[in-house]
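Input: a single structure, listed below in structure tokens.
All ligand and atom numbering here is 1-based and tracks the order in the structure.
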Amino acid sequence: MKTFVYADYDQLSRAAATLVTDTVRSNPHALLCIATGDTPAGMMNYLTEDVRSGVVDFSKVSFVSLDEWVGLNQQDEGSCRHFFYQHLVYPLNLNAEQVAFFDGRADDAEHECARIDQYITGKGGIELMIVGIGMNGHIGMNEPGLAVANSSHIVNLDEVTITVGQKYFREKTPLRRGITLGIGQILESKKAILMASGRKKAEIVARAATGPVTTQVPASFLQQHHDAYMLLDADAASSLDYTIA
Ligand code: PGA
């Protein structure tokens with residue numbers, strides 16, 4: 001895994017957006033999987049600017065979701081899908097057909113997992129995956145201490161995720177389970193990028209980047225990816241040796 005460190009969040013966001021636009025320019029039909037959350041929000045703003053200014057055309061791209069809170073879907077502010085629509089789908093006027101997202105309110109969650117797995121297979125796999133890292137080291141909702149999954153699945157959420165996740169909601173929201181792509185699917189993506197920003201992520205970033213590959217730090221599995229990059233701002237890199245990109 002190669003690590004690139006940028007002076008601040010804005011430069012990190014710009015660099016990540018450029019990696020996405022380069023991917024789409026070389027493969028306009030790419031299937032992208034982009035995490036929701038505070039970290040990728042700035043990158044999404046740059047992507048919107050790039051599409052509007054004609055730097056890149058997203059009209060043939062497809063998106064698949066990384067994860068969702070069980071019990072929530074697009075109607076629910078705070079859901080991953082709501083975030084994705086607000087930050088990318090509506091600003092870019094993307095077609096609903098370009099986006100396959102877990103429905104956290106689906107009656108049959110197993111069927112929902114199979115639907116998304118088949119969608120990815122049908123598109124020939126994920127070209128570019130962009131994930132954040134949780135304070136507990138999760139990627140997607142692959143929580144610490146769980147066996148590595150090779151497909152979409154339902155998880156019981158870690159206490160850290162339940163507590164930190166409240167930031168997406170106006171009111172206290174009971175979060176118990178999540179639906180997520182498996183680490184195996186993240187490792188199968190052609191290229192994977194982990195983004196992290198802020199000093200509060202520095203310790204877990206260092207464990208993921210340089211510590212042992214362990215289910216205790218799910219993001220550490222990216223060390224096994226054949227083409228993975230960590231994009232960090234200087235604060236998130238402050239427990240690593242680095243030079244600014
Ligand atoms: P954040 O979330 O980008 O909002 O910090 C990261 C994550 O939980 O994966």
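- Applying the salt bridge (Lys or Arg N to Asp or Glu O under 4.0 Å) rule to pairs touching residues 48-72 yields Arg14-Asp50, sequence neighbours excluded.
- Qualifying salt bridge (charged side-chain N to carboxylate O under 4.0 Å, His left out) partners for Glu112, counting only residues two or more places apart in sequence or in other chains: Arg115.
- The stretch residues 194-223 participates, sequence neighbours left out, in these salt bridge (Lys or Arg N to Asp or Glu O under 4.0 Å) pairs: Arg199-Asp235.
- Put simply, the side chain of Leu146 does not reach to within 4.5 Å of the side chain of Thr215, judged on heavy atoms.
- Not less than 6.0 angstrom separates the ring centroid of Phe101 from the ring centroid of Phe63.
- A distance limit of 4.0 angstrom between heavy atoms and ligand 1 selects the residues Gly37, Asp38, Thr39, Gly132, Ile133, Gly134, His138, Lys167, Tyr168, Lys201.
- Of the candidates Glu143, His153, His138, Thr180 forms a side chain to side chain contact (heavy atoms under 4.5 Å, CB included) with just one, namely His153.
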